Amino acid sequence: MGALPARFRRPRLLIVGCGDVGKRVLPWVRRRMQTMVMTRHADAMAFWRSRGVRPLYGDLDQPSSLRRFAGMATHVMYLAPPDAQGDDRDQRMRSWVQALRRRTLPLQHVYVSTSGVYGDAQGRWVHERQVPRAQSLRAKRRVDAERCLRALSPQAAILRAPGIYALDREGGTPERRLRAGTPILRPQDDVYTNHIHADDLARACVLGLRRRAHGLTFNVSDDSDMTMGDYFRLAAHLFDLPPPPEISRLQAQTQLSPQLLSFMSESRRLVNQGMKQHLGLSLRYPTVLEGLTAPIRTSKNRHHP
């Protein structure tokens with residue numbers, strides 16, 4: 001039997017859920033890997049081709065459309081969130097896993113999960129060995145997704161990310177909320193929160209493809225050690241806006257949305273030493289101060305992770 005054509009010898013990366021973070025990944029992978037993106041939008045095909053990647057139709061909410069992806073990629077970067085509706089299972093991940101079982105499995109999966117799987121740690125430091133204690137339905141779906149993927153691909157790298165921010169990310173800063181005058185909790189009722197710049201998360205995704213990350217779970221978080229109120233007060237100062245009003249937790253029960261209340265009901269600080277030592281990520285934006293004040297990096301000046 002002759003040698004395989006070059007297009008089959010190159011590693012083949014498929015990005016599932018190629019939104020903001022996926023687009024930041026592309027400059028680092030498309031020259032070294034045959035890169036494909038799954039999309040359910042026909043009008044996006046030309047956009048992806050212009051970015052030097054191959055678009056393929058697929059819809060995680062339509063399991064029959066996923067069969068074609070079995071055996072197609074040597075590496076998969078799964079960045080899609082669970083459906084916002086339903087029970088505590090991630091039906092999208094379950095459909096994906098079921099489809100891939102039909103043929104040879106990818107050599108590696110990288111999955112971006114959430115630090116919400118830990119639930120409320122009452123401000124304590126949390127490492128990756130902590131047993132997940134998800135409280136919200138959205139976090140329970142992430143726990144389900146992690147377990148389903150681990151059952152399919154024990155060597156998968158799971159990246160548990162907190163709040164993702166960036167000046168050039170849609171909704172990636174607190175500015176809109178500050179301008180709306182949304183209140184924060186007073187200091188005695190406040191919770192610790194965690195952050196990661198979208199560029200640093202994209203670099204973590206690329207590093208997750210390496211063999212050293214196989215089978216491991218990482219907290220992908222920066223070095224900031226601050227409460228939610230600290231974060232919004234800092235942002236208000238940087239954006240030259242009035243500081244947000246402060247309310248008690250009791251007042252918050254009647255003034256804030258259930259989703260916002262759920263974020264204000266969990267307090268934890270993420271240990272990120274595994275990310276640095278084993279994943280090998282050196283943060284470009286060590287804290288939110290650097291991330292909210294640094295010049296915006298374009299695809300032309302994003303370098304190797």
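Worth saying up front: this structure is predicted, and the values here are computed from it rather than measured. Both backbone and side-chain heavy atoms feed into the values below; hydrogens, waters and symmetry mates do not.
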Colleague: Taking the side chain as C-beta and beyond, is there a heavy-atom pair between L261 and Q253 under 4.5 Å?
Modeller: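 Yes, side chains in contact.
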Colleague: Are H197 and Y165 close enough that their ring centers fall under 6.0 Å?
Modeller: yes
Colleague: Taking the side chain from R268 and the backbone from G119, do they hold a donor-acceptor pair closer than 3.5 Å?
Modeller: yes
Colleague: Where do V112 and C205 come nearest, in terms of heavy atoms and distance?
Modeller: CG2-SG, 3.5 Å
Colleague: Salt bridge check: are K23 and D20 linked by an N-O gap of less than 4.0 Å?
Modeller: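 So K23 does not pair with D20 through a salt bridge.
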Colleague: Any side-chain to backbone donor/acceptor pair from D61 onto R92? Under 3.5 Å, distance only.
Modeller: no
Colleague: Do Y231 and H195 have ring centres separated by under 6.0 Å?
Modeller: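 Yes.
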Colleague: Say whether, by atom type as modelled, one donor and one acceptor occur between the side chain of R54 and the main chain of T35 under 3.5 angstrom.
Modeller: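 Between the backbone of T35 and the side chain of R54 there is no qualifying donor-acceptor contact (under 3.5 Å).
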Colleague: Restricting to non-hydrogen atoms, name the atom on T39 and the atom on P55 that form the minimum distance, rounded to 0.1 Å.
Modeller: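 Here T39 and P55 meet closest at CG2-CB, 4.3 Å.
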Colleague: Judged by atom type as modelled, is there a donor-acceptor pair below 3.5 Å linking the side chain of S224 to the main-chain atoms of M226?
Modeller: no
Colleague: Is the charged tip of R177 near the ring of F232: under 6.0 Å from the six-membered ring centre and within 45° of its axis?
Modeller: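 Verdict for F232: a cation-pi partner in R177.
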Colleague: Is F47 reachable from V21 through a run of I, L, V, M, F, W or Y residues, each pair having side-chain heavy atoms under 4.5 Å apart?
Modeller: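 Yes.
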Colleague: Would a distance-only check, ignoring hydrogens and angles, find a side-chain to backbone donor-acceptor pair under 3.5 Å from N219 to V126?
Modeller: yes
Colleague: For S113 and E146, run side-chain hydrogen bond (donor to acceptor under 3.5 Å, both in side chains): C-alpha distance rounded to whole Å, both residues' side-chain angles, the deciding distance at 0.1 Å, then the answer.
Modeller: CA-CA 7 Å; S113 183; E146 289 186 13; 2.7 Å; yes
Colleague: Any side-chain to backbone donor/acceptor pair from R40 onto Y57? Under 3.5 Å, distance only.
Modeller: no
Colleague: Donor-acceptor check, side chain of S267 to backbone of Y192, threshold 3.5 angstrom: yes or no?
Modeller: yes
Colleague: When you measure from the centre of the six-membered ring of F263, is the NZ or CZ of R138 closer than 6.0 Å and no more than 45° off the axis?
Modeller: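 Geometry flag: set, cation within 6.0 Å and 45°.
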Colleague: Could you tell me whether a side-chain N or O of D190 sits under 3.5 Å from a main-chain N or O of T227, the two making a donor and an acceptor?
Modeller: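 Between the backbone of T227 and the side chain of D190 there is no qualifying donor-acceptor contact (under 3.5 Å).
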Colleague: Between E290 and T287 (side chain of the first, backbone of the second, donor and acceptor by atom type, cut-off under 3.5 Å), is there such a pair?
Modeller: yes
Colleague: Using the ring of each side chain (for Trp, its six-membered ring), is W96 parallel, tilted or perpendicular to Y78, with breaks at 30° and 60°?
Modeller: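 W96 and Y78: tilted rings.
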